[in-house]
Amino acid sequence: MQRMQAGPERRATGGDARRVQAQRDQARRDDARALRERQQRERLQQPRRETAGPAQRQRRPDSRDATQRLDRARQEARIEADRRRAEQFRRDRERQQGIAGQRSAERARMLQQQRRMAQYRYQQQYHARLHEQQRRWRASRYDYGRDPYYSTPASYRYTYGGRWHQTNRYGADLMRRAVHYGYAEGMRAGRADREDGWRYDARGSYGYLDASYGYDGHYIAHDQYAHYFRQGFRHGYEDGYHGRNRYGHRDERGDYGVLAAVLGAILGLQLLN
């Protein structure tokens, strides 16, 4: 019985030995490549699990936030800096409200004289959304102690104004919302100018000039929020004016949003190691 089994083994180690060894080596390389590809897929999926929804503000920490938290002193410093910025922003808005109202009235008369009634309606609707936003500010008290933004360390970096900045996933969510809100407002303004038969003029729309809807003074400075809002606005205006969806889409709830690839190119967020 042993002699019968030895025959095929001797034949396999003859002229076909190199071929058999090559097949074994190739199998090992295939296994190693499959392992590397699986590990790479897992790494690529990690940022997506950290990324929050584009139109939802995250207020509750997840398990990752609980494992890495800023010490109490840095939390209090971040809260104090953010509180001062939010209060200053709201004081500035209230102080400028009279001037802004006068300018808005002048623009409204101009739009009516130009028979741009669709753009006039858009401006009135934008003002109504701003007014409702400010009403919510006055009716609520911001609870800094329950907001996980202030205890969560930075996880992203990005460039703005020629400098590198850092933020955590809550700040990154606000930046994403700025682009999405801007896109939605741009879409409305672009459609209005198309309906009026007016020339292409994204920068002349009141929503673009104001660029503050959705901002309450927290997480990032207003000039940064306005920058990303206007980036989204320009893309939305182009889609609305030309009657297409090249840069964004409309979800099942009817809300407008920017395509993921466009959003990533605008923000340029990079995960920190």
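In this text, all values refer to a predicted model and were calculated from it rather than measured experimentally.
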On the ring face of [Y], is [X] found with NZ or CZ under 6.0 Å from the centre and within 45° of the axis?
X      : Y      : result
Arg194 : Tyr241 : no
Arg78  : Tyr149 : yes
Arg107 : Tyr126 : no

Could you tell me whether Tyr237 and Tyr200 have their ring centroids closer than 6.0 angstrom?
-> yes
Is the distance between the ring centroids of Tyr144 and Tyr150 under 6.0 Å?
-> yes
Please check if the side chain of [X] supplies one atom and the backbone of [Y] the other of a donor-acceptor pair under 3.5 Å.
X      : Y      : value
Asp251 : Asp255 : yes
Tyr215 : His222 : yes
Asp239 : Met187 : no

Under 4.0 Å between a Lys/Arg side-chain N and an Asp/Glu carboxylate O for [X] and [Y]?
X      : Y      : answer
Glu238 : Arg234 : no
Asp216 : Arg93  : no
Arg84  : Glu80  : yes
Arg90  : Glu87  : no
Arg191 : Glu195 : no

Are Leu130 and Tyr213 close enough, and set up right, to give a side-chain contact (heavy atoms from CB on, under 4.5 Å), and what steps lead you there?
-> CA-CA 6 Å; Leu130 280 182; Tyr213 179 73; 4.2 Å; yes
Carefully, step by step, assess Asp147 and Tyr219 under the rule side-chain hydrogen bond (donor to acceptor under 3.5 Å, both in side chains).
-> CA-CA 11 Å; Asp147 190 334; Tyr219 295 6; 2.6 Å; yes
side-chain contact (heavy atoms from CB on, under 4.5 Å) between Leu111 and Tyr122, intermediate numbers included | CA-CA 11 Å; Leu111 292 172; Tyr122 164 71; over 6 Å; no
Would Tyr206 and His127 satisfy side-chain contact (heavy atoms from CB on, under 4.5 Å), going step by step from the backbone distance to the final call?
-> CA-CA 9 Å; Tyr206 192 81; His127 268 290; 3.4 Å; yes
Check the pair Arg129, Glu132 against side-chain contact (heavy atoms from CB on, under 4.5 Å), reporting the backbone distance first and the verdict last.
-> CA-CA 5 Å; Arg129 287 189 286 274; Glu132 176 60 21; 5.8 Å; no
More than 12 heavy atoms from other groups under 6.0 Å of CZ on Arg163 | no
